Asker: 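Pasting in a structure now, in structure tokens, and then I'll have a few things to ask.
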Amino acid sequence: MKKTTLLLAAIVSLTSACSWVKVSEQGASVAVANAANVRNCEKVRTVSVKVKDNFVGSMKRSPEKVATELTNMARNEATQFGGDTIVPVSLVQNGRQSFDVFRCN
């Protein structure tokens, strides 16, 4: 039992600083905005993204890291549809979030 606890603690401490979803080169050009910033933009579509929100069992990941990864994933996906701006349209729930994708330029 003690070995399992130590192993689990080591895994959590090693992976807690990691962000598994990185912004791609194309995704880096996608802005994150709010609804007021996209009034003159064309809505392309809505994307729903999902990442793991727990490690093992019920051990939850940092909500900030989960939110960052969801935003990174949405930025990456926006480029596939010709979007250059995303706006979150839902809250993070169970590692999921929806974003509207806009073309503003």
Side-chain angles (χ1 to χ4, degrees):
M1 178 69 176
K2 188 174 181 178
K3 286 183 182 181
T4 303
T5 303
L6 288 173
L7 178 61
L8 189 56
I11 290 171
V12 169
S13 66
L14 288 173
T15 60
S16 63
C18 296
S19 178
W20 295 320
V21 179
K22 305 289 185 194
V23 177
S24 68
E25 202 172 303
Q26 296 84 5
S29 66
V30 175
V32 181
N34 61 44
N37 300 119
V38 293
R39 288 188 194 141
N40 298 319
C41 302
E42 173 191 0
K43 181 178 174 185
V44 178
R45 70 180 313 136
T46 301
V47 296
S48 295
V49 291
K50 180 178 193 272
V51 297
K52 296 272 292 171
D53 67 340
N54 60 359
F55 288 113
V56 178
S58 62
M59 290 187 62
K60 292 287 187 186
R61 294 181 61 216
S62 160
E64 294 80 17
K65 285 186 176 55
V66 170
T68 297
E69 290 180 5
L70 290 166
T71 302
N72 290 350
M73 187 176 284
R75 290 173 73 190
N76 293 343
E77 283 197 29
T79 63
Q80 297 175 22
F81 308 109
D84 58 19
T85 305
I86 60 170
V87 175
V89 294
S90 71
L91 298 174
V92 177
Q93 187 171 16
N94 297 322
R96 297 174 189 257
Q97 190 172 18
S98 295
F99 294 81
D100 282 344
V101 177
F102 292 89
R103 186 176 303 119
C104 297
N105 294 325

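Just so you know, these numbers come straight off a predicted model, no measurement behind them.
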Asker: Can you tell if the side chain of I86 reaches within under 4.5 Å of the side chain of D100, non-hydrogen atoms only?
Answerer: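 Not in contact.
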
Asker: Distance-only check: which donor-acceptor pairs under 3.5 Å involve side-chain atoms of residues 28-35, not counting sequence neighbours?
Answerer:
residue	atom	partner	partner atom	Å
S29	OG	Q26	O	2.7
N34	OD1	A36	N	3.0
N34	OD1	N37	N	3.3
N34	ND2	N37	OD1	3.3

Asker: Could you tell me which non-hydrogen atom of F99 sits nearest to which non-hydrogen atom of V89, and how far apart they are?
Answerer: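 Closest heavy-atom pair between F99 and V89: N-CG2, 3.9 Å.
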
Asker: Within a strict 4.5 Å, meaning less than it, do heavy atoms of the E64 and V66 side chains meet?
Answerer: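 Of all side-chain heavy-atom pairs linking V66 with E64, none is under 4.5 Å.
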
Asker: Quick one: do V23 and V51 end up in the same hydrophobic cluster if we chain Ile, Leu, Val, Met, Phe, Trp and Tyr together by side-chain heavy atoms under 4.5 Å apart?
Answerer: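 The answer is no; the residues belong to distinct hydrophobic clusters.
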
Asker: Do M73 and F102 land in one hydrophobic cluster if side-chain heavy atoms of ILVMFWY residues count as linked below 4.5 Å?
Answerer: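 Per the 4.5 Å side-chain linkage, M73 and F102 are not co-clustered.
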
Asker: What's the separation between atom CZ in F81 and atom OG1 in T46, rounded to the nearest 0.5 Å?
Answerer: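 Taking CZ in F81 and OG1 in T46, the distance rounds to 10.5 Å.
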
Asker: With the side chain counted from C-beta on, respond yes when K22 and N72 share a heavy-atom pair under 4.5 Å apart, and no when they do not.
Answerer: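 They are not in side-chain contact.
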
Asker: Report the distance from atom OG of S24 to atom CD of E77, rounding to the nearest 0.5 Å.
Answerer: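 The distance works out to 10.5 Å.
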
Asker: Is it true that a side-chain atom of D84 and a backbone atom of N105 form a donor plus acceptor pair closer than 3.5 Å?
Answerer: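 Between the backbone of N105 and the side chain of D84 there is a qualifying donor-acceptor contact (under 3.5 Å).
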
Asker: For a quick test of reading the model, state the closest non-hydrogen atom pair linking K60 to D53 and the distance between them.
Answerer: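 Minimum heavy-atom contact is NZ-OD2, 3.4 Å.
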
Asker: Between S90 and Q97, what is the shortest heavy-atom contact and its length?
Answerer: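 The answer is O-NE2, 2.9 Å.
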
Asker: Measure across N76 and G27 and return the closest heavy-atom pair with its distance rounded to 0.1 Å.
Answerer: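 Heavy atoms of N76 and G27 come nearest at OD1-CA, 3.8 Å.
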
Asker: Closest approach of A74 and V47, non-hydrogen atoms and distance?
Answerer: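 Heavy atoms only, the tightest pair is CB-CG2, 4.4 Å.
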
Asker: Picking from K50, R61, R75, K52, what satisfies salt bridge (Lys or Arg N to Asp or Glu O under 4.0 Å) with E69?
Answerer: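 Going through the options one by one, the only one that passes is R61.
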
